Amino acid sequence: MKLPLKINSSNITILATIVLFICLFAVGSIFFTGFFAPQVFLNLFVDNAYLIIVATGMAFVIITGGIDLSVAAMIALVSVLSAELLKAGVPPVAVIFGVLVLGIIFGFLQGYVICKFHIHPWIVTLGGMFLARGVSFLISTESIVIDNPVYRTISNAKIPLIGSSTISVSVIIALVTVAAAIYVSRYTAFGRNVYAIGGNERSASLMGLPVMTTKVAVYTLSGFTSALGGIVFTFYMLSGYGLHLMGGEMDAIAACVIGGILLTGGFGYLLGPMLGVLSTGVIQTIIMFQGSLSSWWTKIVIGFLLFAFIVLQRVIVSRKERRPVSQKLKRNRTQKTEIPV
Amino acid sequence: GCGGQTPAPAAAPAAPATTKEAPAPTDNKKLVVGFSQIGAESGWRGAETASIQETAKNDPTIELKFSDAQQKQENQIKAIRTFIAQKVDVIAMAPVVETGWEAVLTEAKNAKIPVILVDRNIDKKNEDLYTTFIGSDFVLEGQNAAKAMVEHLGGKGNIVELEGTVGASAAVDRKKGFDDEIKKHPDIKIVKSQSGDFNRATGKQVMEAILKSPEGKNIQGVYAHNDDMALGAIQAIEEAGKKPGSDIKIVSIDGIKEAFEAIKAGKLNTVVECNPLLGPQLFQAAKDLKAGKQLDKWIKSNEEVFSGQKAIDALPNRKY
Amino acid sequence: MNSYSSRWGELTRSKLFWPSVGLLLLMVFNFFFTPGFFEISIQNGHLYGSLIDILNRGTPLIIIALGMTLVIAKEGIDISVGSILAIAASLAAYLMQQHVPFGLALLAGLAAGLLCGLWNGYLVARLKIQPMIATLILLTVGRGIAQLISGGQIITISNPAYRFVGGGYVLGIPFAVILAAVLFILLYLLMRRTALGLFLESVGANRVSSAYAGIHSTRIMTLVYVISGFCAALAGIIISSNITGADSNNAGLWIELDAILAVVIGGTSMRGGRFYLGGTVLGALFIQALSTTIYTLGVPPESVMVVKAVVVIAVSLMQSDAFRSMFRNGLRSRTRKKVLAHEAAS
Amino acid sequence: MQQPLLVMQGVSKSFPGVKALTNVDIRLRRGEIHALMGQNGAGKSTLIKVLTGVYEMDSGQVELNGRPVSIQSPKDAQALGISTVYQEVNLCPNLSVAENLLIGRQPRRPNQAIDWRLLNHRAEELLERLHIQLDVTKPLSEFSVAIQQMVAIARAVDISSGLLILDEPTSSLDQREVQELFRIMRKLRDEGMAIVFVTHFMDQVYEVSDRITVLRNGELVGEYLTAELPRIQLISSMIGREWKDEPHTGKSSDQGASEVWLSASGLGRTGGVEPFDMTIRKGEVLGLAGLLGSGRTEIAKLLFGIDRADQGAITINHEVMRSMFPSKAIEHGMAFCPEERKVEGIVGELSVRENIVLALQAKRGFLRFLPLRKQQEIAEHYKKLLGIKASSIEQRMDQLSGGNQQKAILARWLATEPKLLILDEPTRGIDVGSKAEIRKLIMSLAAQGMTIVMITSEWEEMVGCCDRIMVLRDRQVIGELSGDDIREQRIMEIIAEGGERDEQLQQQVG
Ligand SMILES: Nc1ncnc2c1ncn2[C@@H]1O[C@H](COP(=O)(O)OP(=O)(O)OP(=O)(O)O)[C@@H](O)[C@H]1O
Ligand SMILES: Nc1ncnc2c1ncn2[C@@H]1O[C@H](COP(=O)(O)OP(=O)(O)OP(=O)(O)O)[C@@H](O)[C@H]1O
Ligand SMILES: [Mg+2]
Ligand SMILES: [Mg+2]
């Protein structure tokens, strides 16, 4: 009935992000040799698979108007726990299953406390973040190598794509996650309830939607994706370490926001977080290819590029928003004007 | 301030090269070295970065690709991938943590790019993935600090340990080396051990609190995992009305200029040097590699233990 | 009996009640488990003791949290305070190193804070960028600028006047504490003796209605970021002065989390609207007292995080009406108090 | 006698400081439209919220079909076949109209995925039943309150399967929409449903309801058959004293002489209203008439500078202004009492006092702070003047009943002592007694020289108050009435004619 490609106020941010991403990639390709290569592009996925997964899960939380600060700490915890369990000889399948369950329980508890006791998610998940990091330090302060053959095989597996370029298993997991998230957000009642709650929680509840259940589910989901992200990250690093991904939750939030998800809730597409991750990823790649910035200039330039990106995005979006709506309105409201006398 | 704005000149006399001058690469193409730095979390690291960047700048045969990882291992991995994509001649890095390098270093190996580790090592299991390690041994530093402490205390007393960031490899190893050495002296006890996050403000705050705890009222020594925390602790001790350096002996690691000044002022007793001026050694190693030389697995950086007059004498030459 | 219980109800509904209880509980704990915690003596002519430490070390956090309170009241957030703090400290220290007079350097540092705040305000209020991401930009860039100024090194400060700001004492009381008190009073007067507080709460609670009522919401929004920037700069100067060194790399790292925590413990809702400056001070003191307790007690470094997590969660549960009523009803009968989530939370 | 569908007995509910309901009984029968009446703050909405599980009652029982039920949440209520339109529109502005209609029971494809095509189609059908046509894929926020209210009604009607509760559904609807609604209500009643209907419009009560329950101060006054209860008696039982239906006070008729205070020339906004001219004279009451979405609110927003005009200019007291924004408008003595009180009017978290002094304080600037004493004085004054029912002026605004919120907003603007007061649906949700009071107040203000622009969907009110009326249709000013021309019939005629003219125009163009 409606082409999904139609540009409207709700998908404009996504389009703006894609356009800006392509521009950045083009700029990189022009200025740096070796930049314009399939592998450089694919590496954006390879290196950020875990972040894509986590940001996608977090997006659901953000769309309900909440936030989850515990995701990065959860990844660290998962990595330490996995490493320790594998060292103790627990079979990999059991480890993976175990940490996923842990993530689900952890997320559920956070969600339960948030909803049941009406405590702001920022506080609860900040507590969760301290807790997860703290527990991983209790398990081990040192970094632990993972030399389990299964993990190593998965970690080193390369799936060939075009030419000599390859991707890792994690990329597949990430893409599947994104696809599933898009489907869930659009085609399931749960997904729609998430948007409704973000739009107006009170209304959603008065409309008879299962607000509490959905909110708890959303945090549970985020717990699950951060555990999944943790597993992918563990494949990526083959090590467990309590200091992994310090401040990573900000990266995930930033990815969501750049991908057009409003922190106040209710708006955004689930493709957004991935685009956000790719955009920040390409900015970083440019910095790395540039290769002569001092530590501090690196920060300044990254921040500046981020700033330029966000401002351009806003310019594009608000341009679109300001377009006259008179024509459309006329069609909208063709009410008959007969008068009941 | 040790003049942070004007980084150490390239051929710093304080940083002797361990290998002899090698001939420049035969072709007149530059030697491209990609260096992945952890970040800029301390003055010490700033000095290391400056040393490497300056050395490269002053050597026309070298082109440096520098990448700052902002404290994140993921960024370092990405940087190394980028170096591989850019086909650099040598990859150098200061690994933020010991583990998690297997995949990316294997990629480097497959791409036939040699890897040099700087100032921190990686897990022993992956020894075949790098060519050489230039730097110091944190455990050894801890041991040296412990020996100095034992000496200052005359083999008897209570000490406080100010640890670095929980989980950081420097903190873990410096603690291990120190604690193991101290265990050999039954009359010396570590009565409190707390993390000061490697920074001065936290170090001071922690020391303040410890001095007010019951155990803290009777201590003779403080061991700090880096100079910054020691300098913070000195202030706390002074404010508590005690004399750092005499009432309470202080030993720390790193050897920044301010620490030497503190020794001169009699407030700090011993500093175990951990040399950040690794630039010359690094590029020498890179050139040697290119020239086909076989390198030692571990090129130790030249480091000493400074106390008393030795420190005062060394002060004018300190670069960072 | 009835009037007693209603007065009790009124008291517990006061926003300052639960943070006070939290602080009190911590103190009671210390009374029993940390000998000497309450000792205050005179050392070198000034007050000395754990309680003084809490006040003294707590000042930067209190100051930043006060600024943050206003930002949060406006339904915003400012995660760049740590970087602003570092910029201000580095700039002031750098200028003094270059032999710029103390007063000028101090002003420059504070002005840098104001400017950073203005920048944040511009992004949020004018360009309408979401607060968290807008301030994330300065979080990243600001740290870089601070390091650029200092060359990544700690700049040692030798100026005695500057040292006095964060390390001096007046009549035995730390000067920084006096500064914080003055700032608190000024902000309080600004907010409660002018209409700014009303406007701010109104904008935070319902921006559209406020605009319709003729309140310049963009100006108010910019103003709160400017105040927050100023507070951060002041905190930066106090911290650097106290350790006689401006540490551009580590100064104020993660302080935004503590500041936000202090604001929320103090009773201000992250959804904007009503704010409680007094509560924030209590919240900040609570957090500082917790740190000091942990250090004094000698909690092993690797467990510090867990202890903090448990305390934070416990305190926020204690503040939750729903949690307390569950307890009360659990003791009596199983009649669940049912109010829509939205209403109870607000 | 047939067993009632739903019986509530001995229902009490108190909020901190307020006893909203005391021992109220109500019984609802199948096939009956039951009007729930009472003054603002009488407890009607509270009763409905207690019934549907939004609030937990302190005491009392509910029996459905003779069996006691415990309704814990709106979800439970829906499951029992009770659907509700709450007083304030409660939909999700970010979702499309279609989704708002069908969320919670979206049509599925065989594989359980939501079938969007069918969903949109169903939504269109649903609205078609109410004779509304609009693009159901657009977000709800793009439509006016009236449309939103219709959507809420359509949703509730579609869900309901036993009991339909409508809390002031007609407050922002015009007559035509109201008739549509009544048609549906009657149909549902004839199908055997029970309907609860809350309104402050007496005509509507007598038009559709079969039975009336009256509440006063949270207490039950009684249950009556509509046919047996004369209007005057109904009002008297609501307000608890004798009520004399006063004739409308005459309007000030000396407007011809007064000078022009504000004029707009060619003012317009792309996507908003077509450019229009208007003059407003000192002391007159100008009405803006039109159907839903005809652009009345748009004009008001342009005048007050909430929407920026992209063409034309406003002249106030001979001073030409290119741009306008609220604080400037207020400075020049304008005041605007907006239509959507929940979004644009109240600041829910603040107290009644703060809400009342807000605009005045904004006008004075932040430095000239009104001392607390003074604020209390002002708030108390208007609380008394407008009869705002609140436990105290320190009560939170969002705890007030709908009508009382409306009064407080009115108070906010009266407190600024404006020269020009723009009222967009000022008496929405206000009870009969107060409505007359407020109308009187407005007239007396006009008599004292205050200029008033009034937008209301109650043409009777408009005809009763206005000296001059501008008629709008399809976002265009299409006519003006003054003097004896001001009659409801004339307004309708102009709107209808305008329609023809428009069509002719289109034919010519096309
Ligand atoms: N959440 C609440 N907290 C405190 N008091 C409340 C709350 N909700 C309603 N009240 C009070 O309960 C009383 C009844 O309000 P209610 O909304 O039921 O009135 P109403 O009859 O619907 O009035 P209206 O015709 O104006 O809509 C009012 O005095 C109101 O102030
Ligand atoms: N920016 C916009 N985008 C889309 N639709 C808009 C926009 N602005 C206004 N509208 C629509 O245009 C119409 C404006 O009508 P307005 O509110 O001025 O009419 P009104 O005569 O006051 O009717 P009502 O009785 O509904 O208030 C509304 O239906 C609203 O949904
Ligand atoms: Mg009501
Ligand atoms: Mg209108």
Side-chain angles (χ1 to χ4, degrees), chain C residues 5-6 9-10 12-13 15 73-75 189-220 223-224 267-269 271-276 321-322 325 329 334-346, chain D residues 15-17 49 53-58 71-74 301 304-306 325-331 334-338 340-351 353-355 357-372 375 396-399 409 412-413 416:
Chain C
S5 77
S6 87
E10 210 169 282
T12 55
R13 247 175 282 128
K15 288 288 178 180
K74 181 241 96 187
E75 216 190 346
L189 292 179
L190 186 66
M191 289 298 147
R192 300 300 181 202
R193 287 292 170 268
T194 75
L196 268 183
L198 174 65
F199 291 173
L200 180 53
E201 289 182 334
S202 172
V203 169
N206 187 340
R207 202 169 145 194
V208 181
S209 293
S210 313
Y212 277 40
I215 298 170
H216 289 277
S217 59
T218 43
R219 281 189 209 165
I220 301 276
L223 180 74
V224 292
T268 304
S269 159
R271 291 187 188 87
R274 290 269 189 231
F275 63 89
Y276 305 91
D321 293 333
S325 74
N329 295 346
R334 287 290 314 158
T335 49
R336 251 168 61 232
K337 182 106 187 149
K338 256 198 48 57
V339 185
L340 274 182
H342 198 82
E343 280 158 347
S346 52
Chain D
F15 296 106
K49 288 186 176 163
V54 178
Y55 298 142
E56 189 189 31
M57 58 181 108
D58 299 343
I71 299 171
Q72 298 284 338
S73 70
K301 286 186 176 175
F304 198 64
I306 286 161
F325 44 90
S327 58
K328 189 169 163 190
I330 291 171
E331 209 173 288
M334 289 191 333
F336 174 49
C337 187
E340 289 187 56
R341 71 165 164 259
K342 188 174 158 194
V343 187
E344 303 169 339
I346 66 165
V347 182
E349 231 178 288
L350 300 191
S351 67
R353 164 178 60 82
E354 285 163 313
N355 267 283
V357 300
L358 196 60
L360 177 59
Q361 183 67 67
K363 187 177 181 180
R364 292 166 64 99
F366 77 94
L367 280 177
R368 289 168 59 212
F369 184 56
L370 283 164
L372 191 63
Q375 293 186 17
R396 266 176 69 136
M397 189 69 167
D398 53 6
Q399 295 177 348
I409 302 299
R412 171 192 296 171
W413 292 109
T416 64

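Chain A is the first sequence line, chain B the second, and so forth, proteins listed ahead of strands; every chain is numbered from 1. This one's a predicted model, so the numbers in the text were calculated from it and none came from an experiment.
- C/Arg192 meets the salt bridge (charged side-chain N to carboxylate O under 4.0 Å, His left out) test with C/Glu201; sequence neighbours excluded.
- Using a 4.5 Å cut-off between heavy atoms, D/Ile409 does not touch chain C at all.
- Comparing D/Asn355, D/Leu358, D/Ile330 by heavy-atom pairs within less than 4.5 Å of chain C, the highest count is held by D/Leu358.
- The structure places CZ of D/Phe369 at 10.0 Å from CG of C/Leu196, a figure rounded to the nearest 0.5 Å.
- For C/Tyr212, the parts lying under 4.5 angstrom from a heavy atom of chain D are both the backbone and the side chain.
- Of the two parts of C/Arg207, neither the backbone nor the side chain holds a non-hydrogen atom closer than 4.5 Å to a non-hydrogen atom of chain D.
- Heavy-atom pairs under 4.5 Å with chain C were tallied for D/Phe366, D/Phe304, D/Phe336, D/Phe325; the largest tally goes to D/Phe366.
- When the candidates D/Ala335, D/Ser327, D/Ala359 are compared by the number of heavy-atom contacts under 4.5 Å with chain C, D/Ser327 comes out ahead.
- Taking every heavy atom of both residues into account, D/Arg412 and C/Ala213 meet most closely at NH1-CB, 4.1 Å.
- C/Asn206 CG to D/Met397 CE: the interatomic distance, rounded to the nearest 0.5 Å, is 10.5 Å.
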(message) side-chain contact (heavy atoms from CB on, under 4.5 Å), that's the test. Do C/Arg274 and D/Leu350 meet it? Break it down for me.
(response) CA-CA 8 Å; C/Arg274 290 269 189 231; D/Leu350 300 191; 3.6 Å; yes
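- The candidate with the highest count of non-hydrogen atom pairs below 4.5 Å against chain C, out of D/Leu370, D/Val357, D/Thr416, D/Val343, is D/Val343.
- The two atoms that bring D/Pro326 and C/Gly214 nearest to each other are CB-CA, 4.2 Å, heavy atoms only.
- Among the candidates D/Glu340, D/Arg364, D/Gln361, D/Lys301, the residue making the largest number of heavy-atom pairs closer than 4.5 Å to chain C is D/Gln361.
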